[in-house]
Peer 1: 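Input: one structure, supplied below.
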Amino acid sequence: MLIERIRATQPMVLNYANTVTQQRVADSISMLGGSPLMTQALSEIEELVAASQAVVLNLGTWNAAGMELMLQLGKVANAQGIPVVLDPVGVGLPQRSQSVQQLLQAIQFTVIRGNAAEIAWFAQIKGQGKGIDAAQDIAVDGTMAQQASERTGAIILQSGPIDVIADCDHWVTQTRSNPMLAQNVGMGDVLSSLTGCFLAVTTDSFQAAVAAAQCMAVAGERASQRVEQHPGQLPAALLDELSWIDDAALDLA
């Protein structure tokens, strides 16, 4: 009963956020029942991580000055046994790929959440991406996500028309497809931070990633049905659905 636990405990999810989408991320965490927290200050890392139950690092508006902050957030979280999510936006770009390599060397990530093009980078499979969008020539492949997991030691949540959740031993898919989510910037960021909410209330990190993918898919599907031909209204409808969704909507058998 993971959603019930989130609402009962209101876990703190600490974000190094994409500044384009941080309000959307904060609202989504709050609507699901968690407590969002953002930081941009090295001086407060120790106390904020100590107060948190999950940490999410998002490279959407990465800058060189933020590298030390992300490194310290991840290291402190690892030392305290707090799960860490990486959202490697645009990891295929040369400078960002160098930064992610540095993060991978210093931090053990619990979950890496990205689109197919981003996950292909971790699996060392060549493909093409444009901006934040997944490459069109990379098929949904559980083997690729599993290979990325083997190389990073993290659970992989590959999001897209079909979501793939993989670790070194097995993989599963989430098949609800919702084009309206792709039309709205920041939905991947929302999923990454919702993953932090679920990680905060269970020691089964694979189940947490599956639950996050299902939660986002179900809430997105319901929101799309409500707004019909008005995709610009989806974010507000999604927040409503996140506030209403319950464990019965998730298939975690």
Side-chain angles (χ1 to χ4, degrees), residues 13-29 36-46 48-49 52 54-78 82-135 138 148 151-160 181-182 184-196 199 209 212:
V13 180
L14 178 59
N15 298 266
Y16 177 82
N18 178 343
T19 58
V20 173
T21 62
Q22 60 186 351
Q23 184 66 57
R24 187 165 291 176
V25 163
D27 288 342
S28 299
I29 292 170
L37 188 62
M38 311 293 176
T39 186
Q40 294 283 335
L42 273 169
S43 61
E44 64 179 3
I45 285 176
E46 292 280 350
L48 291 188
V49 173
S52 301
V55 171
V56 180
L57 305 181
N58 187 302
L59 271 69
T61 47
W62 174 91
N63 61 66
M67 268 303 295
E68 182 61 26
L69 183 62
M70 287 189 287
L71 285 166
Q72 290 304 313
L73 280 167
K75 288 178 181 178
V76 173
N78 280 175
I82 294 169
V84 186
V85 179
L86 175 64
D87 188 328
V89 181
V91 66
L93 299 170
Q95 191 167 0
R96 292 191 181 206
S97 67
Q98 292 174 14
S99 298
V100 172
Q101 289 280 18
Q102 189 177 352
L103 293 172
L104 289 172
Q105 290 170 5
I107 301 164
Q108 177 56 61
F109 291 100
T110 312
V111 174
I112 297 173
R113 198 292 310 166
N115 62 37
E118 291 158 352
I119 299 308
W121 182 89
F122 290 96
Q124 296 187 353
I125 295 173
K126 292 184 179 181
Q128 295 180 350
K130 179 182 178 183
I132 63 172
D133 298 322
I138 299 177
R151 291 184 177 278
T152 62
I155 292 162
I156 301 298
L157 201 175
Q158 177 184 313
S159 58
L181 288 177
N184 282 270
V185 172
M187 293 296 105
D189 298 358
V190 168
L191 175 54
S192 295
S193 290
L194 293 182
T195 302
L199 287 169

Peer 1: Give, for atom CD of Q95 and atom CH2 of W62, the distance between the pair rounded to the nearest 0.5 Å.
Peer 2: 4.0 Å
Peer 1: Looking at residues at least two apart in the chain, or sitting in another chain, which of them share a side-chain contact (heavy atoms from CB on, under 4.5 Å) with S97?
Peer 2: W121
Peer 1: Please round to the nearest 0.5 Å and tell me the distance separating atom OH of Y16 and atom CG of L59.
Peer 2: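 CG of L59 is found 7.5 Å from OH of Y16.
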Peer 1: If the condition is side-chain hydrogen bond (donor to acceptor under 3.5 Å, both in side chains), which residues does Q23 pass it with, not counting sequence neighbours?
Peer 2: D27
Peer 1: Taking all atoms of both residues into account, what is the closest heavy-atom pair of A116 and Q158, and its distance?
Peer 2: CB-NE2, 3.9 Å
Peer 1: If every non-hydrogen atom of G196 is compared with every non-hydrogen atom of A54, which pair is closest and at what distance?
Peer 2: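 Distance-wise, the nearest heavy atoms are O-CB, 3.3 Å.
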Peer 1: CD1/I107 to CE/M70 distance, rounded to the nearest 0.5 angstrom?
Peer 2: 8.0 Å
Peer 1: Taking side-chain contact (heavy atoms from CB on, under 4.5 Å) as the test, write out the residues that go with T152, two or more places apart.
Peer 2: L104, I112, F122, A154, I156
Peer 1: On a heavy-atom basis, which atom in R151 and which in Q124 lie closest, and how many Å separate them?
Peer 2: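 R151 and Q124 have their closest heavy atoms at NH1-OE1, 3.2 Å.
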Peer 1: Once side-chain hydrogen bond (donor to acceptor under 3.5 Å, both in side chains) is applied, what residue pairs with a partner in residues 100-111 remain, sequence neighbours excluded?
Peer 2: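 For residues 100-111, and leaving out neighbouring residues, there are no side-chain hydrogen bond (donor to acceptor under 3.5 Å, both in side chains) pairs at all.
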Peer 1: Please round to the nearest 0.5 Å and tell me the distance separating atom OG of S192 and atom CG of L86.
Peer 2: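 Here the rounded value is 8.0 Å.
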Peer 1: Looking only at heavy atoms, what is the nearest atom pair of P36 and A26, with distance?
Peer 2: CG-O, 3.4 Å
Peer 1: Restricting to side-chain hydrogen bond (donor to acceptor under 3.5 Å, both in side chains), what partner residues turn up for E68, sequence neighbours left out?
Peer 2: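 Here the qualifying residues are Q72.
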Peer 1: Can you measure from CG (L191) to OG1 (T195) and round to the nearest 0.5 angstrom?
Peer 2: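 Going from the CG atom of L191 to the OG1 atom of T195 covers 4.5 Å.
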Peer 1: In the structure I gave you, are the side-chain heavy atoms of L48 and L37 within less than 4.5 Å of one another anywhere?
Peer 2: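 When only atoms from C-beta onward are counted, L37 and L48 do touch, with a gap below 4.5 Å.
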Peer 1: With Q40, which residues qualify under side-chain hydrogen bond (donor to acceptor under 3.5 Å, both in side chains), at least two apart?
Peer 2: none
Peer 1: Can you list everything that forms a side-chain contact (heavy atoms from CB on, under 4.5 Å) with A77? Sequence neighbours excluded, please.
Peer 2: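 Result, side-chain contact (heavy atoms from CB on, under 4.5 Å) vs A77: V49, V55, I82, V84.
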Peer 1: With a 3.5 Å cut-off and no angle check, do the side chains of S193 and N15 form a donor-acceptor pair?
Peer 2: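 Per modelled atom types, S193 and N15 side chains form a pair under 3.5 Å.
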Peer 1: What residues form a side-chain contact (heavy atoms from CB on, under 4.5 Å) with Q98, not counting sequence neighbours?
Peer 2: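 Applying side-chain contact (heavy atoms from CB on, under 4.5 Å) to Q98 gives none.
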Peer 1: Suppose we screen for side-chain hydrogen bond (donor to acceptor under 3.5 Å, both in side chains). Which residues come up paired with T21, at least two apart in sequence or across chains?
Peer 2: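 side-chain hydrogen bond (donor to acceptor under 3.5 Å, both in side chains) list for T21, sorted by chain: D189.
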Peer 1: Do you know which of L73, V85, L69 makes side chain to side chain contact (heavy atoms under 4.5 Å, CB included) with L57?
Peer 2: L73
Peer 1: Considering only residues two or more places apart or on different chains, which pairs with a residue in residues 91-117 satisfy salt bridge (Lys or Arg N to Asp or Glu O under 4.0 Å)?
Peer 2: D87-R113
Peer 1: What pair of heavy atoms forms the shortest contact from A209 to I155, and how long is it?
Peer 2: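 The answer is CB-CG2, 4.0 Å.
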